[in-house]
Asks: 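Got a structure for you, written out below as structure tokens; questions coming shortly.
Side-chain atoms are counted along with the backbone in the values below, which use heavy atoms only and exclude waters and symmetry mates.
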Amino acid sequence: MITVKVDGQVLPLEMSGIRTMGELVELVKMNIDPDAVISGMIIAGRELNEADWRAPLSVQGSNVLEIATSTKEQFLRDRL
């Protein structure tokens, strides 16, 4: 089963009904600070690719999904 870390801390989630990366990301968004935005995602040491979004989550095995967050203001500053 995939492990999710947000800003370096394991995020305990109930993922029994989660089938895709998109569903997992939505679950993470519901469980982090509402003022935070996801600023980066890495799985198994690499950026997520298109195949990761389309494939069933079960193909990720025991990989770690590392999610970085930031404030909305910092996210916008970094993008501009």
Side-chain angles (χ1 to χ4, degrees):
M1 173 172 280
I2 194 167
T3 300
V4 177
K5 287 186 176 182
V6 176
D7 297 328
Q9 300 293 320
V10 173
L11 182 64
L13 296 171
E14 171 53 48
M15 294 189 286
S16 59
I18 304 300
R19 297 179 318 266
T20 66
M21 187 63 70
E23 291 175 357
L24 178 56
V25 170
E26 288 301 317
L27 180 62
V28 168
K29 286 172 28 181
M30 289 187 305
N31 285 278
I32 61 174
D33 181 347
D35 292 326
V37 294
I38 294 174
S39 58
M41 293 189 290
I42 296 174
I43 191 157
R46 62 173 174 74
E47 299 265 336
L48 280 114
N49 60 41
E50 192 66 32
D52 293 320
W53 290 98
R54 291 191 311 261
L57 195 58
S58 59
V59 302
Q60 296 297 343
S62 60
N63 283 327
V64 176
L65 174 64
E66 298 178 61
I67 297 177
T69 66
S70 66
T71 64
K72 294 172 186 173
E73 294 80 14
Q74 184 62 45
F75 180 78
L76 289 173
R77 272 194 298 271
D78 291 346
R79 297 292 186 241
L80 293 176

Asks: Quick one: CG on L13 to CE on M15, what's the gap to the nearest 0.5 Å?
Replies: 6.0 Å

Asks: How far apart are the C-alpha atoms of L57 and I2, what are their side-chain angles, what is the distance that settles it, and do they pass the side chain to side chain contact (heavy atoms under 4.5 Å, CB included) test?
Replies: CA-CA 8 Å; L57 195 58; I2 194 167; 4.2 Å; yes

Asks: I'd like to know whether T3 forms a side chain to side chain contact (heavy atoms under 4.5 Å, CB included) with V10, so could you lay out the CA-CA distance, the side-chain angles of the two residues, the decisive distance to 0.1 Å, and finally the verdict.
Replies: CA-CA 7 Å; T3 300; V10 173; 4.2 Å; yes

Asks: Can you check side chain to side chain donor-acceptor pair (under 3.5 Å) on S58 and Q60, steps first, answer last?
Replies: CA-CA 5 Å; S58 59; Q60 296 297 343; over 6 Å; no

Asks: Are the side chain of Q9 and the backbone of L11 linked by a donor-acceptor contact shorter than 3.5 Å?
Replies: no

Asks: Taking atom CG of L24 and atom CD1 of I18, what is their separation to the nearest 0.5 Å?
Replies: 6.5 Å

Asks: According to a hydrophobic-cluster definition based on side-chain heavy atoms being under 4.5 Å apart (Ile, Leu, Val, Met, Phe, Trp, Tyr only), do M41 and V64 belong together?
Replies: no

Asks: Look at the side chain of T69 and the backbone N and O of I38, then say whether any donor-acceptor pair between them is shorter than 3.5 Å.
Replies: no

Asks: Tell me whether E26 contacts the main-chain N or O of G22 through its side chain, where contact means a donor paired with an acceptor under 3.5 Å.
Replies: no

Asks: Return the CG to CH2 distance between L48 and W53, rounded to the nearest 0.5 Å.
Replies: 6.0 Å

Asks: Which atoms form the tightest heavy-atom contact between E23 and R19, and what is the distance?
Replies: OE1-N, 2.7 Å

Asks: Could you go through the side chain to side chain contact (heavy atoms under 4.5 Å, CB included) check for V37 and Q74 one step at a time?
Replies: CA-CA 9 Å; V37 294; Q74 184 62 45; over 6 Å; no

Asks: How many angstroms lie between atom OG of S39 and atom CG of D7, to the nearest 0.5 angstrom?
Replies: 7.0 Å

Asks: Under the criterion side chain to side chain contact (heavy atoms under 4.5 Å, CB included), I'd like the reasoning laid out for I67 against K5: C-alpha separation, chi angles, the key distance, then a yes or no.
Replies: CA-CA 6 Å; I67 297 177; K5 287 186 176 182; over 6 Å; no

Asks: Nearest 0.5 angstrom please: E14 CD to L27 CG, how far?
Replies: 9.0 Å

Asks: Counting N and O atoms only, with roles assigned by atom type, does the side chain of N31 sit under 3.5 Å from a partner on the main chain of V28, one being a donor and the other an acceptor?
Replies: no

Asks: Do you know the tightest heavy-atom contact between A55 and V59?
Replies: CB-CG2, 3.7 Å

Asks: Looking at CG of D52 and CD1 of I43, how far apart are the two atoms once the value is rounded to the nearest 0.5 Å?
Replies: 6.0 Å

